[in-house]
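In this chain, residues are counted from 1 in sequence order.
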Amino acid sequence: MGKSKKLSAKEMDDLLKLLKSRFQKNMNRHAGLDWNKVQAKFEAHPDKLWSLNEMEKTGGEPDVVGEDKKTGEFIFYDCSSETPKDRRSLCYDDEALAARKENKPEGSAMDMAESMGIEILTEEEYRALQKLGTFDAKTSSWIKTPAAIRKLGGALFCDYRYATVFVYHNGASSYYAARGFRGCLKV
C-alpha cells in the first residue's frame with residue numbers, strides 16, 4: 001500500500017505557519033509578493049501542501065522564490081543552505097540505479113523527486129536560486145540533465161564555489177554523501 005498523500009488539518013496548519021514564518025524572514029527571495037495570496041493558493045490546491053511537507057521533511061526548507069506571470073502560480077525552491085540532508089547519496093535516475101552491479105545507493109534523485117511530487121531544478125533555476133543567497137557552498141546538487149547527455153550515461157550537477165556557480169558532469173550511476181538534489185514546486 002502506498003502512503004497517504006494527504007496531511008491532517010493540524011499538519012497543514014503547522015506547515016502553513018512554518019512557511020509563513022520563513023516567507024517573512026526571507027523577503028529578499030520574493031520581494032513584492034504577498035503571503036495572503038500564497039496562502040489563498042494553498043486553500044485552492046491543498047494537495048500541493050503534501051509535496052511541500054515532503055520537501056520540508058527531507059531538509060529542503062522550501063520557500064517562495066517567485067511567481068510565474070503566465071500561470072499565476074507561486075514557485076517554491078528548496079532554500080536550505082546545503083543540499084537537503086535526507087536527499088543525498090542518490091544516483092541520478094532509476095536507469096542508473098539499475099545499471100549499478102554493487103554498492104547500490106538507496107535510490108535515485110529523479111525517482112525520489114517524482115514520488116514527492118516535485119521537479120529537480122534545471123540549470124537555469126539553480127542559477128536563479130544562487131542570486132537569492134549562497135547555496136551548496138559545501139555540497140552539490142543534481143540538476144535536470146539534457147537527454148543527449150543522459151543517453152551517453154552522464155548526468156549534470158552544480159555547486160557554488162569561489163562566488164561562482166559551477167556545472168559539472170559525472171556518470172549518472174555515481175553517488176556521493178555530499179550530493180543530493182533541490183526541488184521546485186509550483187502552486
- Item | Worked check of side chain to side chain contact (heavy atoms under 4.5 Å, CB included) between H169 and I149 | CA-CA 9 Å; H169 59 89; I149 294 172; 5.8 Å; no
- In sequence, state the C-alpha distance, the side-chain angles, and the governing distance for E54 and K5, and then conclude on salt bridge (Lys or Arg N to Asp or Glu O under 4.0 Å). CA-CA 10 Å; E54 291 298 294; K5 292 191 175 188; over 6 Å; no
- Message: Evaluate E56 against R22 for salt bridge (Lys or Arg N to Asp or Glu O under 4.0 Å), listing each step before the verdict.
- Response: CA-CA 12 Å; E56 185 66 35; R22 186 173 292 138; 2.7 Å; yes
- Message: Could you go through L16 and W35, starting from their C-alpha distance and side-chain angles, then the distance that decides it, and tell me whether this counts as side chain to side chain contact (heavy atoms under 4.5 Å, CB included)?
- Response: CA-CA 10 Å; L16 284 170; W35 173 255; 4.2 Å; yes
- Check the pair M110 / D94 against side chain to side chain contact (heavy atoms under 4.5 Å, CB included), numbers first and verdict last. CA-CA 7 Å; M110 293 297 285; D94 282 348; over 6 Å; no
- Applying side chain to side chain contact (heavy atoms under 4.5 Å, CB included), run through E73 and V187 and close with a yes or a no. CA-CA 5 Å; E73 294 172 304; V187 181; 5.9 Å; no
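You'll find the ring centres of F76 and F42 inside the 6.0 Å limit.
With rounding to the nearest 0.5 Å, the separation of CG in L18 from CG in N53 is 9.5 Å. Taking OG of S174 as the reference point, atom CG of L90 lies at 11.0 Å (rounded to 0.5 Å). Rounded to the nearest 0.5 angstrom, M55 CE and C184 SG are separated by 7.5 Å. A distance of 7.0 Å separates CE of M12 from CG of L49, quoted to the nearest 0.5 Å.
Scanning all heavy atoms of the two residues, the minimum distance from P84 to G60 falls at CG-CA, 3.7 Å. Closest approach of K57 to D86, counting heavy atoms only: O-OD2, 3.6 Å. Residues F23 and V38 approach most closely at CE1-CG2, 4.3 Å, considering heavy atoms.
Contact check on E124 versus R127 returns no salt bridge, with no Lys/Arg side-chain nitrogen under 4.0 Å from an Asp/Glu carboxylate oxygen. For the pair E125 and R182, the salt-bridge criterion is not met [side-chain N within less than 4.0 Å of a carboxylate O]. Using a cut-off of 4.0 Å between Lys/Arg side-chain N and Asp/Glu carboxylate O, K41 and E43 are scored as not salt-bridged.
By the ring pair (Phe, Tyr, Trp, His ring centres under 6.0 Å) test, Y175 pairs with no residue at all, sequence neighbours left out.
At distances below 3.5 Å, at least one donor-acceptor pair connects side-chain atoms of S51 with backbone N or O atoms of M116. A side-chain donor-acceptor contact under 3.5 Å links N28 to the backbone of L132. The backbone N or O of Y162 lies less than 3.5 Å from a partner atom in the side chain of T164, making a donor-acceptor pair. For D78 (side chain) and S80 (main-chain N/O), no donor-acceptor pair under 3.5 Å exists by modelled atom type. With hydrogens and angles ignored, the 3.5 Å screen pairs a side-chain donor or acceptor of D68 with a backbone N or O of T71. Looking only at distances, no side-chain donor or acceptor of E106 sits under 3.5 Å from a matching main-chain atom of S89. Judged by distance alone, the side chain of H30 and the main-chain N or O of V64 form a donor-acceptor pair under 3.5 Å.
Following chains of ILVMFWY side-chain contacts shorter than 4.5 Å, one cannot reach F181 starting from V167, and the two form parts of different hydrophobic clusters. In this structure, I75 is a member of the same hydrophobic cluster as I143, with clusters built from ILVMFWY side-chain heavy atoms closer than 4.5 Å. Linking Ile, Leu, Val, Met, Phe, Trp and Tyr whenever their side-chain heavy atoms come within less than 4.5 Å puts L19 and L7 in one cluster. Hydrophobic clustering places I120 together with I118 (ILVMFWY residues linked when any side-chain heavy atoms are closer than 4.5 Å, directly or through intermediates). L156 and Y176 are assigned to two separate hydrophobic clusters, defined by single-linkage of ILVMFWY side chains at heavy-atom distances under 4.5 Å.
Within the 4.5 Å cutoff, side-chain heavy atoms of K48 are placed close to those of L185. With contacts defined as side-chain heavy-atom distances shorter than 4.5 Å, the pair S141/C158 does not qualify.
By the 6.0 Å contact criterion, NZ on K138 is open, its count of non-hydrogen atoms from other residues, nucleotides or ligands being 12 or less. Counting heavy atoms of neighbouring residues, nucleotides and ligands inside a 6.0 Å radius, atom CD of E11 exceeds 12 of them.
Each of N170, T139, T83 was evaluated against R179; a single residue qualifies, N170, per the side chain to side chain donor-acceptor pair (under 3.5 Å) test.
Side-chain atoms of T145 and R150 form no donor-acceptor pair, as typed in the model, at a separation below 3.5 Å.
The hydrophobic cluster containing L97, built from Ile/Leu/Val/Met/Phe/Trp/Tyr side-chain heavy atoms closer than 4.5 Å, comprises no other residue.
Each ring pair (Phe, Tyr, Trp, His ring centres under 6.0 Å) pair with one or both residues in residues 125-148, not counting sequence neighbours, appears once here: Y92-W142.
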